[in-house]
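Presented below is the structure to which this report refers.
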Amino acid sequence: MINFQYLRTSVVKTALNLLAKDPKATFIAGGTNLVDLMKRGVTAPEKLIDINHLPLKQIELKNNVLRIGALTSNSALAENAIVKEKFPLLMLALQSGASAQLRNVATVGGNMMQRTRCGYFYDTTMPCNKRQPGSGCGAIGGYNRMHAIFGTSEACIAVHPSDMCVGLVALEAQVVIASTKGERKINFIDFHRLAGTTPEKDNNLQKGELIVRLEIPLNNLNKNFHYLKVRDRSSYAFALVSVAAALELKDGVISNVRLAMGGVAHKPWRLTASENFLKGKQATIANFEAAAKLAMNGAKGFGENDFKLKLAPNTIIEALTVAKAKA
């Protein structure tokens, strides 16, 4: 590992000024992903700015909007009473991620910023357009069991690894971002990017910016919900396919629905067409199956991950079925 400079501040403005002055600096919070990347030689920042002491750990419901500080730990958010009562889908998604020990350290902002776990990205001896643009994608034609079936490109078929982000995109969260120029707000669905021709860019955070909080509008999706994660083992494993599902039911009719998937694309994958299909229809298995079939439009396997073409719709159907059955 190369030598690096370490700085720490407890003031947001100071952190932003430090970052703006040095293009080779990066923020570090929990470090659960960044430190691994440094150890592997995937990234080598010359300066680390420790932001753990910034005042960004609030969880509050104000004017029907849940505000979550970017430095809130995954475990603190999952265990918060407001989240459990009003946003239980997010709670389930958080509890599905990593391990209890990692959730105690990992932050909300860091979870959003984590990199793919594609083996070719982590192995510096292998080609990877995300790590080294123009070197090729080793996963295409290589080992791609964990890889994407939606939104892929010739440059990259990696997937975004987060569970929390799948829940957040389903709940239509917004991201508040700060820089030395002030704050801006973007929809969570627009924060992460598809690989396209620039797979090295995971998200739309610009240089010199810092995630300061998330905002989630209050909804009526806290009764019939489920987060289903299909993985190789029951803990400490990334999703082969995951589904966040929430229904608002009135006399058996779906008045509102949210659906999103993980483990299938370079970003959390919102199933808008399936949602529009289900609204106003009876919550039946037949309609769930039709919605799942619709969700698979445009899906493409790459050999070893072809099983996801069957696993994905089955997971959607199961998640909706469990969500419907909840009292």
Side-chain angles (χ1 to χ4, degrees), residues 78 83-97 148-151 159-160 162-173 188-189 216-232 234 237-265 267-299 301 305-327:
V83 174
K84 287 182 176 180
E85 179 186 358
K86 304 294 186 181
F87 304 93
L89 180 63
L90 178 58
M91 175 194 70
L92 290 184
L94 284 160
Q95 291 174 342
S96 297
I149 56 173
F150 293 111
V159 298
H160 192 267
S162 174
D163 291 292
M164 179 196 78
C165 291
V166 181
L168 287 170
V169 77
L171 292 170
E172 297 185 345
F188 195 91
I189 196 171
I216 310 176
L218 201 61
N219 56 57
N220 295 316
L221 299 166
N222 60 341
K223 292 182 174 61
N224 297 94
F225 61 90
H226 192 53
Y227 186 81
L228 179 57
K229 181 176 182 179
V230 181
R231 46 187 164 176
D232 288 325
S234 61
F238 294 101
L240 295 167
V241 172
S242 64
V243 174
L247 300 166
E248 185 177 353
L249 300 174
K250 294 182 179 179
D251 299 322
V253 176
I254 302 168
S255 60
N256 194 13
V257 56
R258 304 281 177 79
L259 283 172
M261 299 186 76
V264 296
K267 60 182 290 184
W269 195 250
R270 182 81 180 266
L271 303 178
T272 307
S274 297
E275 292 174 349
N276 292 336
F277 169 81
L278 286 171
K279 287 177 183 176
K281 291 184 172 61
Q282 292 285 332
T284 64
I285 292 295
N287 283 330
F288 294 164
E289 290 174 346
K293 183 178 180 180
L294 186 62
M296 298 306 294
N297 286 343
N305 71 343
D306 287 352
F307 70 95
K308 290 191 179 186
L309 299 175
K310 184 175 181 179
L311 178 62
N314 287 344
T315 307
I316 294 170
I317 295 166
E318 180 67 11
L320 286 167
T321 302
V322 175
K324 174 194 173 184
K326 288 192 175 181

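Not counting sequence neighbours, the partners of Asn219 by the side-chain contact (heavy atoms from CB on, under 4.5 Å) test are Phe87, Leu171, Leu221. Ala148 meets the side-chain contact (heavy atoms from CB on, under 4.5 Å) test with Thr152, Val159; sequence neighbours excluded.
Across Val257 and Glu275, no two heavy atoms sit closer than the pair CG1-O, 3.4 Å. Nearest heavy-atom pair across Asp163 and Ala93 is CB-O, 3.3 Å. The minimum heavy-atom distance linking Ala292 with Pro313 is given by the pair CB-O, 3.5 Å. Taking each heavy atom of Arg231 and Phe238 in turn, the nearest pair found is CB-O, 3.6 Å. Nearest heavy atoms, Gln95 versus Ala78: CG-CB, 4.2 Å. Taking each heavy atom of Ala299 and Phe150 in turn, the nearest pair found is CB-CE2, 3.5 Å.
Within the 4.5 Å cutoff, side-chain heavy atoms of Phe225 are placed close to those of Lys326. Residues Leu311 and Val230 are in side-chain contact: their nearest non-hydrogen atoms beyond the backbone lie under 4.5 Å apart. Between Ile216 and Leu168 the shortest side-chain heavy-atom distance falls below 4.5 Å. Between Leu259 and Arg270 there is no side-chain heavy-atom pair separated by less than 4.5 Å. At least one side-chain heavy atom of Asn287 sits less than 4.5 Å from a side-chain heavy atom of Gln282. Looking at Leu228 and Val322, their side chains never come closer than 4.5 Å, going by heavy atoms from C-beta outward. Taking the side chain as every heavy atom from C-beta outward, Met261 and Val166 never approach each other to under 4.5 Å.
Judged by a 6.0 Å distance limit and a 45° cone about the ring axis, Lys229 is not positioned over the six-membered ring of Tyr227.
Here CG of Leu271 is found 13.5 Å from CZ of Phe277. Values are rounded to the nearest 0.5 Å. A distance of 10.5 Å separates OG1 in Thr315 from NZ in Lys308, rounded to the nearest 0.5 Å. With values rounded to the nearest 0.5 angstrom, Ile316 atom CD1 is found 9.5 Å from Leu294 atom CG. The CE atom of Met164 sits 13.0 Å away from atom OG of Ser96, with the distance rounded to the nearest 0.5 Å. Note that the NE2 atom of His160 and the NZ atom of Lys267 stand 10.5 Å from one another [nearest 0.5 Å]. Note: Leu94 CG to Cys165 SG = 9.5 Å, rounded to the nearest 0.5 Å.
Only one option out of Val243, Asn224, Leu278 pairs with Leu320 in a side chain to side chain contact (heavy atoms under 4.5 Å, CB included); it is Leu278.
Remark: Lys279 NZ is packed, more than 12 non-hydrogen atoms of other residues, nucleotides or ligands lying under 6.0 Å away.
Salt bridge Lys223/Glu248: absent, no basic N to carboxylate O contact under 4.0 Å. Electrostatic pairing of Glu172 and Arg258 counts as a salt bridge here, judged by a charged N lying under 4.0 Å from a carboxylate O.
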Query raised in the report: Asn256 and Asn220: side chain to side chain contact (heavy atoms under 4.5 Å, CB included), yes or no, with the steps?
Result: CA-CA 9 Å; Asn256 194 13; Asn220 295 316; over 6 Å; no
